[in-house]
Amino acid sequence: MTLDNSSAPCDFVLFGTKGDLARRKLLPSLYQLEKAELMHAETTILGVARDDISLQEYVALVKENIEQFSGETLCTETWERFSAKLDYVCVDMKNAESYSVFAEHVDVSRTMVCYFATPPSIFGDICRGLKAANVIDKSMRVVLEKPIGHDLASSKVINDQVAEFFDESQIYRIDHYLGKETVLNLIALRFANSIFATNWDHNSIDHVQISVAESVGIEGRWGYFDTAGQMRDMVQNHLLQILTLIAMEPPTTLDADSIRGEKLKVLKALRPINSTNINQKSVRGQYIGGFVKGKEVPGYLDEPDANPRSETETFVALNVDIDNWRWAGVPFYLRTGKRLPNKTSEVVIYFKRQPHNLFEDSFAQLPPNKLTIRLQPDEGVEVTVMNKVPGLTGTSGMDLQKSRLNLSFSEAFQDDRIADAYEKLLLEVMLGNQALFVSRDEVEYAWKWVDGIIEAWKHTNEPPEPYQAGTWGPVASIALLARENRAWYESRIGRK
Ligand SMILES: NC(=O)C1=CN([C@@H]2O[C@H](COP(=O)(O)OP(=O)(O)OC[C@H]3O[C@@H](n4cnc5c(N)ncnc54)[C@H](OP(=O)(O)O)[C@@H]3O)[C@@H](O)[C@H]2O)C=CC1
Ligand SMILES: O=C1O[C@H](COP(=O)(O)O)[C@@H](O)[C@H](O)[C@H]1O
């Protein structure tokens, strides 16, 4: 897809351009959009930071970032076009007066897209600075990075600060999982295939498992992570977003209001987990030293800068009920953790077993069909089916085996590069489409539910359960499903 020349150019303003997110993800993604000719020729990119450097120095820095993080050799032609778009301004984002230079660098007659790649604590300051510089108008869009707050109350403060200056239709809240190719494909899989669309409820589905496993530890982010924990860092946003896409009713159209409206209904229907059911419904863990992919790694409390008495969780498993017609009696099991055996995100839908087993000679109990959606890595979709083993032997000639129908994206779409999530999301902001961004209501309902769990954990007064780095979390996580006669699926990724 190449952007039609009639689509308006924009001034893309990157606050926090020298930060980790901008360097590792945003600038390389903008470069990829340029390479794919998806950015308007007249679009400009204005980096904002507090270092007083020249434009020449900034351009050299961006080049270095892209070479380091894009994972490919710089294309000279693309770089020439891209570097010509760059501009830089030094602003102390907390000081509204320092924004006076800003107006010289943007053209207020064009759409301005402001990406706040800074700590959320200064989002309000940035809005005030933009106002002082007199550059805010109705066509402006602002992109907010996660986490939006630390709980419901603090998220309201941040959202209110931004809402003082911008309408909800101008605010794009990022959850980068919504830009992942395979997460987007959940919508296609569910609503473009009648085989799934008509079998997507409590009549056909036994339970759902969503796992987002990471092999990394804290990677120098202890200060941030210890105040968040895996619940705020991963469940409140990414896992709940995946859950809503799996569980939502069909949206009327693919527009932002329809999709976000349906996701919101799911968040509203989540059964609270509180002090009455916390032990049956949740497990939290913290890794101790161990081996990940054969390499010895320290425990959470032995990471650099660690507080050795921290009780922050690095692993969460939950048994979630959705109290609505479609999902009555269908548990959604969620798990996510740091320092697990490998980096794997998968959704597994377990269908109900056949009501009667004709094949007792092959299987005492027929295994259920399973739909596995591999979000990352080895992106793909797999269905397990029971199949007759070809041959003349077996009872009535019927020996069965479990077989896999496997769609591997890397094999099926060999010529297509899988774009980074941020490329997709940046493109959507420039196009003015909010469908892949999280609404204020979604953020707040997600916090409300998560706050209840964190509150209940506090009341139990129990520390997180230790698990060895390189394992699938505490033993209690196995018990969470075993109590209901189920087991976590074993990912094939990393075992090939
Ligand atoms: N890094 C990541 O992978 C992810 C980050 N995020 C979110 O993205 C946002 C940015 O994160 P990250 O890039 O890691 O953070 P960094 O701390 O690396 O970068 C933040 C940027 O904000 C700038 N900044 C902070 N205060 C001021 C100020 N008063 N005036 C001017 N500039 C200021 C910093 O400037 P200076 O360089 O001068 O210090 C820096 O460039 C955060 O909200 C984070 O939660 C979300 C998901 C992943
Ligand atoms: O937002 C975050 O996500 C990453 C995991 O993202 P992925 O795209 O690599 O799966 C996580 O490591 C980080 O702690 C969290 O802040």
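Order of appearance sets the numbers: ligands from 1, and atoms from 1 within every ligand. Heads up: numbering here begins at 1 and tracks the sequence. Bear in mind the structure is a predicted one, so any value in this text is a computation, not a measurement. These values consider heavy atoms only, across backbone and side chains, with no hydrogens, waters or symmetry-generated copies.
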Check this for me - ligand 1, Met93, N or O atoms closer than 3.5 angstrom, yes or no? yes
Looking at Tyr224, I'd like to know if the NZ or CZ of Arg232 sits under 6.0 Å from its six-membered ring centre while staying within 45 degrees of the ring's axis. no
Whether the Tyr333 and Arg486 side chains hold a donor-acceptor pair (N or O, under 3.5 Å, no angle test) is what I'd like checked. yes
The protein heavy atom nearest to atom 4 (C) of ligand 1 is Leu21 CD1, 3.7 Å
Give me the residue, atom name and distance of the protein heavy atom closest to atom 13 (C) of ligand 2. Arg221 NH2, 3.1 Å
Heteroatom proximity flag, Asp51 to ligand 1, N/O under 3.5 Å: no
Polar side chain donor-acceptor pair, Ser408 to Asn406, under 3.5 angstrom: no
What residue and atom, counting heavy atoms only, is the protein's closest point to atom 7 (P) of ligand 2, and at what distance? Lys343 NZ, 3.4 Å
Which one holds for Val91 and ligand 1: side chain close, backbone close, both close, or neither close, with close meaning a heavy atom under 4.0 Å? backbone
Measuring from non-hydrogen atoms of Phe225 to any atom of ligand 2, is the shortest distance under 4.0 Å? no
Per-atom contact, atom 8 (O) of ligand 1, protein heavy atoms, under 4.0 angstrom: yes
Kindly say whether Val292 contributes a backbone atom to a donor-acceptor pair with the side chain of Arg339 at under 3.5 angstrom? no
For Phe123, which of Phe116, Phe15, Phe165 qualifies under ring-ring contact (aromatic ring centres under 6.0 Å, His included)? Phe116
Who's the nearest protein heavy-atom neighbour of atom 45 (O) of ligand 1, and how far? Lys146 O, 3.0 Å
Any N or O of Tyr422 closer than 3.5 Å to N or O of ligand 1: no
Which ligand 1 atoms are under 4.0 Å away from a heavy-atom of Gly16? 21 (C), 22 (O), 41 (O)
Among Lys18, Glu219, Arg24, the residue with a heavy atom nearest to atom 3 (O) of ligand 1 is Arg24
Does Ala49 reach ligand 1, in the sense of a heavy atom lying below 4.0 Å from it? no
Atom 6 (O) of ligand 2: the protein heavy-atom neighbour that sits closest, reported with distance to 0.1 Å: His176 NE2, 3.2 Å
So is Glu219 touching ligand 2 or not, going by heavy atoms under 4.0 Å? no
Atoms of ligand 1 close to Thr118 [distance to a heavy atom under 4.0 angstrom, numbered from 1]: 9 (C), 10 (C), 22 (O), 42 (C), 43 (O)
Under a 4.0 Å N-O cut-off, is there an ion pair linking Asp451 with Lys448? no
Atom 20 (C) of ligand 1: closest protein heavy atom, distance to 0.1 Å, is Ala117 O, 3.8 Å
Closest approach of any protein heavy atom to atom 41 (O) of ligand 1, naming residue and atom: Gly19 N, 3.2 Å
For Lys25, is there an ion pair with Glu145 - N to carboxylate O distance below 4.0 angstrom? no
When the ring planes of Tyr287 and Tyr300 are compared, do they come out parallel, tilted or perpendicular, using 30° and 60° as the limits? perpendicular
Distance to 0.1 Å, residue and atom name: give those for the protein heavy atom nearest to atom 10 (O) of ligand 2. Tyr177 OH, 2.5 Å
Ligand 2 to Lys180 polar contact by distance, N or O atoms, under 3.5 Å: yes
Atoms in ligand 2 with a heavy atom of His238 nearer than 4.0 Å: 1 (O), 2 (C), 3 (O)
May I ask you to check whether Asp11 and Thr44 show a side-chain donor-acceptor distance below 3.5 Å? yes
Considering only the protein, which heavy-atom contact is closest to atom 1 (N) of ligand 1, and what is its distance? Asp20 OD2, 2.7 Å
Ring geometry between Phe409 and Phe413 (parallel below 30°, tilted from 30 to 60°, perpendicular above 60°): perpendicular
Heavy-atom contacts under 4.0 Å between Glu145 and ligand 1: side chain, backbone, both, or neither? side chain
Run the salt-bridge test on Lys35 and Glu72 with the 4.0 Å N-O cut-off and return the result as yes or no. yes
Does a salt bridge link Asp441 with Lys263, judged by any charged N lying under 4.0 Å from a carboxylate O? no
Give me the nearest non-hydrogen protein atom to atom 38 (O) of ligand 1 as residue plus atom name, then the distance to 0.1 Å. Arg50 NE, 2.9 Å
Under-4.0 Å salt bridge between Glu346 and Arg374: no
Centroid-centroid distance, Trp472 to Phe315, less than 6.0 Å: no
So which heavy atom in the protein is nearest atom 4 (C) of ligand 2, and how far is it from that ligand atom? Glu214 OE1, 4.0 Å
Could you list the atoms of ligand 2 found under 4.0 angstrom from a heavy atom of Asp233? 13 (C), 14 (O), 15 (C), 16 (O)
Over 60° means perpendicular and under 30° means parallel, so classify the ring planes of Trp79 and Phe82, tilted if in between. tilted
